[in-house]
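Residue numbers run from 1 in the order of the sequence given. Nothing here was measured: the structure is a model prediction, and the numbers come from that model.
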Amino acid sequence: MSSTPLSRRGFLNAAGAVALAGAFGGLSACGSNTGRGGNGGQGLQQWYHAYGENGVQQAVERYAKAYTATPVSVQWNPGDYSSKLSTALLSGGGPDVFESTLQISMVRANQIVPLDDVIASAKDDFAATVLAGHTVDGKVYGVPQAIDMQMLFYRKSMLDKAGVKPPTTVDELIDASRRLSTGGVKGLFVGNDGGVSTLGGPALWSVGLDYVTPQHKVGFDDPAAATAIAKLRELNTSNSLLLGAVKDWSEPDAFIQGQVAMQWCGLWAVPAVQKALGDDFGVLPWPKHSGSGTPSVPVGAFGAMVNAKSKRIDEAKAFVKWLWVDRTEHQEDFNLSYGFHIPPRNSLSAKADKLKSGQAADAVRFVKEHARSSNPPDWTQAMRTAFQDALSRVVREGADASTELRGAVAKAQDELKRLYG
């Protein structure tokens, strides 16, 4: 998270909203306890980070005010929400209810409580991949609030003019990117770092691999991982990528302004692209590499969690159930009235008029068919850093993919052994 207000896409490529480096000891908290969870204050306190979309703060305050079982005060947290929340939880205090992405360290440190009883009546209605991102050892610790996802935008008229079909494989994407690079237009924009921060997961998924397996093993300890990463290097040496854009991949400016024919971006950009280009664009998942791989769209979702140190755990759980399970009208409002997001419950996304046609409907379908978690709970910061560093050396410097990934695999194995024994 940055020090500026974020839209709900800010967490998609983060290792987790809370960096709990000291969760297993060694980090002492500083500052006063501003939450009510550890000090027995009256009513419940609920924390949000400072969303960038207009109206979100007023909406969540309105929801809290409508809850009559106990008073709920909303604390809006501009600045470094990640560090502030981490410090509050490590101090033994903090808010009763808060939003975060799930990290296994939070569970191991007994900082949050399971919410299986809270979500039980609607569990099957939540998107499976998103719910899995809030589950550790079979227990649910966060109730998903909103889905954000990434996908590939392409300019229909540019592809038609070049005689290029929307790519369905990585090789087709590389070929299309080359063919679409002409004059002052580049074929593809995946970020100013050449896709290092955005495409590691899609590369693995394209060959049927993942960060971590369901059996808690390293998911990319396979020769196919090096093949997939080498394709990102091929893309970066194709002279078809836009680099050095004024705004990075998360903003659609380069695509809207015609600097590129294709761009990796996210669902949040659809309204701005529609306003600028009308129907002259389509969207795609990241393509598969081969027959064993799959197309993919990374998804992420903040979840509502309950502080295990709260003095009012039962009341906090009741409030989370009321807001994020029972009150579907609030869930629809939160997802569709401020920015552009997919409700994490299938029944709500299916009936939302904004999501029934065009590119938005395609995005909903991609989530159902091709969603992969951008932040698995047991994909720790140490693993992520090792993998990203290896990816950067391959993609940006031309290092050998097999050699670099061996180091990342070793670090991930050490972390998984620490977590699971």
Hey, are Lys139 and Asp116 close enough for a salt bridge, meaning a charged N less than 4.0 Å from a carboxylate O?
no
Whether Thr169 side chain and Lys288 backbone form a donor-acceptor pair below 3.5 Å:
no
So, Thr237 side chain and Glu234 main chain: donor-acceptor pair closer than 3.5 Å or not?
yes
Main-chain N/O of Asn110 paired with Lys309 side-chain donor or acceptor, under 3.5 Å:
yes
Side-chain contact test, heavy atoms from C-beta onward, threshold under 4.5 Å: evaluate it for Leu355 versus Phe340 and give yes or no.
yes
Any ion pair linking Lys417 and Asp414 (charged N to carboxylate O, less than 4.0 Å)?
no
Do Gln381 and Thr385 get their side chains close enough for a donor-acceptor pair, meaning under 3.5 Å?
yes
Side chain Asn307, main chain Pro95, donor-acceptor under 3.5 Å
yes
Side chains of Met305 and Met106: closer than 4.5 Å at any heavy-atom pair?
yes
Rounded at 0.5 Å granularity, tell me how far CE in Met158 sits from CZ in Phe281.
14.0 Å
Is the closest basic N to carboxylate O distance between Lys356 and Asp353 below 4.0 Å?
yes
Closest non-hydrogen contact found for Pro343 with Leu348 is CB-CB, 3.7 Å
Distance-only polar pair, side chains of Gln145 and Asn335, donor-acceptor under 3.5 Å:
no
Out of the candidates Phe255, Tyr154, Phe189, Trp286, only one should pair with Trp264 under the ring pair (Phe, Tyr, Trp, His ring centres under 6.0 Å) rule; please name it.
Trp286
Are any of the side-chain heavy atoms of Val212 and Pro376 separated by less than 4.5 Å?
no
Lys156 and Asp160 ion-paired at < 4.0 Å:
no
Would you call Glu332-Lys351 a salt bridge at under 4.0 Å N-O?
yes
Minimum heavy-atom separation for Asp248 to Gln263, with atom names?
O-NE2, 4.5 Å
Please name the pair of heavy atoms, one in Ala301 and one in Ile147, separated by the smallest distance, quoted to 0.1 Å.
CB-CA, 4.5 Å
Can you tell if the side chain of Leu188 reaches within under 4.5 Å of the side chain of Val260, non-hydrogen atoms only?
no
Backbone N/O of Ala88 and side chain of Ser91: donor-acceptor pair under 3.5 Å:
yes
Is Arg393 paired with Glu397 through a side-chain N to carboxylate O contact shorter than 4.0 Å?
no
Does Ser86 reach the main-chain N or O of Ser83 with its side chain, forming a donor-acceptor pair under 3.5 Å?
no
Say you draw a straight line from CE of Met149 to NE2 of His370; how long is it, rounded to the nearest 0.5 Å?
10.0 Å
Could you walk me through whether His216 and Leu419 pass the side chain to side chain contact (heavy atoms under 4.5 Å, CB included) check?
CA-CA 9 Å; His216 313 311; Leu419 293 172; over 6 Å; no
Side chain to side chain contact (heavy atoms under 4.5 Å, CB included) between Leu102 and Val107, intermediate numbers included
CA-CA 8 Å; Leu102 180 63; Val107 177; 4.1 Å; yes
Between Tyr141 and Leu115, is a side chain to side chain contact (heavy atoms under 4.5 Å, CB included) present by the stated rule, with each step listed?
CA-CA 5 Å; Tyr141 287 90; Leu115 301 177; 5.8 Å; no
Within the 4.5 Å heavy-atom criterion, are Asp221 and Gln413 side-chain neighbours or not?
yes
Heavy-atom donor-acceptor pair, Arg179 side chain to Leu159 backbone, under 3.5 Å:
no
State, to 0.1 Å, how close Lys411 and Ala382 come at their nearest heavy-atom pair, and which atoms those are.
CE-CB, 3.7 Å
If only atom types and distance count, is the side chain of Asn236 paired as donor or acceptor with the main-chain N or O of Arg396 below 3.5 Å?
no
I'd like to know whether CG of Asp124 has more than 12 heavy-atom contacts from other residues, nucleotides or ligands below 6.0 angstrom.
no
Indicate yes or no: does Lys231 engage Asp171 in a salt bridge with an N to O separation below 4.0 Å.
yes
Give a yes or no on whether the backbone of Ser157 and the side-chain of Asp280 come within a donor-acceptor separation of less than 3.5 Å.
yes
What class does the angle between the rings of Tyr51 and Trp76 fall in, given that below 30° is parallel, 30 to 60° is tilted and above 60° is perpendicular?
tilted
Do Arg108 and Asp137 sit within salt-bridge range, that is, some charged N less than 4.0 Å from a carboxylate O?
yes
Is the closest side-chain donor-acceptor distance between Ser240 and Ser177 under 3.5 Å?
yes
Closest approach of Val118 to Val320 (non-hydrogen atoms, all atoms of both residues)
CG1-CG1, 4.1 Å
So, do Met262 and Leu284 sit near enough that their side-chain heavy atoms are less than 4.5 Å apart?
no
Report yes if some heavy atom in the side chain of His330 is under 4.5 Å from a heavy atom in the side chain of Trp324; otherwise report no.
no
Show, in sequence, the C-alpha distance, side-chain angles and deciding distance for Leu391 and Glu404, and conclude whether the side chain to side chain contact (heavy atoms under 4.5 Å, CB included) test is met.
CA-CA 8 Å; Leu391 187 65; Glu404 295 297 332; over 6 Å; no
Where Gly200 and Tyr211 come nearest, the two heavy atoms and their spacing
C-OH, 4.3 Å
Can a donor-acceptor pair be found, under 3.5 Å and without considering hydrogens, that links the side chain of Lys368 to the backbone of Ala127?
no
Roughly how far apart are Arg178 CZ and Leu235 CG, rounded to 0.5 Å?
8.5 Å
For the pair His49 and Tyr81, name the ring-plane relationship: parallel under 30°, tilted 30 to 60°, perpendicular over 60°.
tilted
Are Leu204 and Phe387 side-chain neighbours, meaning at least one heavy-atom pair lies under 4.5 Å?
yes
